[in-house]
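Structure, as structure tokens:
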Amino acid sequence: MARPFRFGVTMMTPTTGDEWRAKCRKAEALGYDVILVADHLGMPAPFPSLVAAAEATERPRVGTFVLNTAFWNPTLLAREVATTDALTGGRLELGLGTGYVRAEHDRAGLPWDSPGDRVAHLRRTVEELDGLLGSEEHVPRPVQRPRPPLLIGGNGDRMLELTAAHADIAAFTGTRTTPRDGSGTLSLLPAEDLAERVDTYRRYAATRAAPAELNILLQRVEVARDRRAAVRPGLPLVPHLTEDQALDLPTLLIGTVRQMAEQLRAQRERFGFSYVTVLEAAMETFGPVIEELSGS
């Protein structure tokens, strides 16, 4: 039986406190289940933003999507996580990733490690968080025991193996970066490539006691009556894709509200994606799709 849909929105624009609270209340009114904050320089700091989001709303959970784990010392991160979970009444979901933008590390005066070293640091962080947050002696203590739900985002084999071993939520961006250049440039994965990544994850996760929730991040949401006409202006940005392949991208949601809802149902059937995240710019555009899928 398919998991029910959940919907998240990733907030990325710094605002005043009043504007932030109003934006979070708008997300709640539109039906979002999770209010998320990224972890990039120039964007809101994750943990205080999540506390403010929880104070401004009643129903949505709050989460990091995702932390650049290379920015964080595991012991200090455990304090942030436990405090935020306590202050939000146990509504926190912790999302972790390796980070992929070298310029941010340079600005912060932090080393830019190899992909393997960044994955190794993420693995150590996850293991130390499990030990610290699950300990009865750790102060502060999270409300959720033994720790808040863990989301890990990544596409490489080492990341998928780590996700299968530890994460409650497996997040797929549907994009690929050039691992070593650190430019942060993303290219969209064709549907068949993403299917291969999901299949690889499932092989690693075959021995899990309980399946993880699968998440997909939508890169573009656009209401359009003519899907082909809407996708054509963006084709020069994806020269590796044909028009049909672009229309089949799981990370592009283009069409009428009903067509978009049907696409997400089909993707849940094909890939298992039941937790769908949009970027802040698409928050209101995606609202009617949430309504269309209510109860699905």
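The first residue in the sequence is number 1, and the count goes up from there.
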Show your working on side-chain hydrogen bond (donor to acceptor under 3.5 Å, both in side chains) between Asn68 and His105 and close with a plain yes or no.
-> CA-CA 10 Å; Asn68 179 347; His105 288 241; 3.3 Å; yes
Could you walk me through whether Arg59 and Asp33 pass side-chain contact (heavy atoms from CB on, under 4.5 Å), step by step?
-> CA-CA 7 Å; Arg59 181 184 54 82; Asp33 301 290; 3.4 Å; yes
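Between Leu92 and the choices Val143, Val81, Val51, the side-chain contact (heavy atoms from CB on, under 4.5 Å) rule is met once, by Val81. Checked options Val66, Ile169, Leu122; the residue passing with Ile152 is Leu122 (criterion: side-chain contact (heavy atoms from CB on, under 4.5 Å)).
Here Arg220 pairs with Glu222 in a salt bridge; the nearest charged N to carboxylate O distance falls below 4.0 Å. Ionic pairing of Asp244 and Arg228 is present here: one or more N-O contacts between side-chain nitrogen and carboxylate oxygen are shorter than 4.0 angstrom. Remark: Asp226 does not engage Arg232 in a salt bridge, criterion side-chain N to carboxylate O under 4.0 Å. Salt bridge Arg91/Asp85: absent, no basic N to carboxylate O contact under 4.0 Å. Using a 4.0 Å cut-off between charged nitrogen and carboxylate oxygen, Glu93 and Arg6 count as a salt-bridge pair. Taking 4.0 Å as the cut-off between side-chain N and carboxylate O, Arg147 and Asp130 count as a salt-bridged pair. Salt-bridge annotation for Arg145 and Glu136: present, with a side-chain N of the basic residue lying under 4.0 Å from a carboxylate O of the acidic one.
With sequence neighbours left out, Arg21 forms a side chain to side chain donor-acceptor pair (under 3.5 Å) with Asp18.
Under the 30°/60° scheme for interplanar angles, the aromatic rings of Tyr201 and Phe172 are found to stand perpendicular.
The shortest distance between side-chain heavy atoms of Tyr32 and Pro60 does not fall below 4.5 Å. Phe286 has its side chain out of reach of Val9: every pair of non-hydrogen atoms, C-beta onward, lies at least 4.5 Å apart.
A donor-acceptor distance shorter than 3.5 angstrom exists from the side chain of Thr256 to the backbone of Gln259, with no hydrogens or angles considered.
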